[in-house]
Amino acid sequence: MIVTTDFTGRIESEIIDLERRVPLPDAFVIPGGTAAAAALDVARAVLRRAERRIVGLQQGGQLRNPEVLRYTNRLSDLLFMLARAEEGTAVKPLTGRRVVRTPAAPARTRPAPTRRSPG
């Protein structure tokens, strides 16, 4: 099967439709608001890994069909939107914000016993 611009166009149409219907949270999305959304988020992570490999092929001059890269990128966006649509059926999608973490204090150890001088 050969990836064509028609494939990518159909995905883009679906994304546009979802963007009209699904309100996106205005904060960082924490993956996995529901079991189905979590599965879609995992699928997107796997696809993003494949996309990075496709970029490597392109940079090495080995990608015969450049539409494959565009298609995988748009498919990743579709999976993101589908996961958010699925979370829309949940009570509230999980969102948060990045927090700077401070390293934990080192564990305290007991001092070594002191030797008494003979005497």
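No donor-acceptor pair under 3.5 Å is formed between the side chain of S76 and the backbone N or O of T72. The main-chain N or O of I2 is never found under 3.5 Å from a side-chain atom of N65 such that the two would form a donor-acceptor pair. A donor-acceptor pair under 3.5 Å is formed between the side chain of E87 and the backbone N or O of G33.
Side-chain contact, T8 with E67: a donor N or O sits under 3.5 Å from an acceptor N or O.
By the 6.0 Å and 45° rule, R84 stacks over the aromatic ring of F80.
Rounding to the nearest 0.5 Å places CG of L75 at 5.0 Å from CG of L47. How far CG of L40 is from CG of L82: 6.0 Å, rounded to the nearest 0.5 Å. Remark: M81 CE to I15 CD1 distance equals 8.0 Å, nearest 0.5 Å.
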Step-by-step side-chain contact (heavy atoms from CB on, under 4.5 Å) determination, F7 to R10: CA-CA 5 Å; F7 289 7; R10 284 187 276 170; 3.0 Å; yes
CA sep, side-chain torsions, deciding dist, call: L78, L18, side-chain contact (heavy atoms from CB on, under 4.5 Å): CA-CA 9 Å; L78 178 61; L18 284 166; 3.7 Å; yes
Stepwise side-chain contact (heavy atoms from CB on, under 4.5 Å) check, N73 with R48: CA-CA 8 Å; N73 180 269; R48 296 291 292 190; 4.0 Å; yes
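Ion pairing of D41 with R44 is absent here, as no side-chain N (NZ or NE/NH1/NH2) approaches a carboxylate O to less than 4.0 Å. The pair E12-R70 meets the salt-bridge criterion, with a side-chain N (NZ, NE, NH1 or NH2) lying under 4.0 Å from an Asp/Glu carboxylate O.
Counting heavy atoms from C-beta outward, R20 and I16 have side chains that approach closer than 4.5 Å.
Linking Ile, Leu, Val, Met, Phe, Trp and Tyr whenever their side-chain heavy atoms come within less than 4.5 Å puts V3 and V55 in one cluster.
Considering every non-hydrogen atom in both A83 and A37, the closest pair reads O-CB, 3.6 Å.
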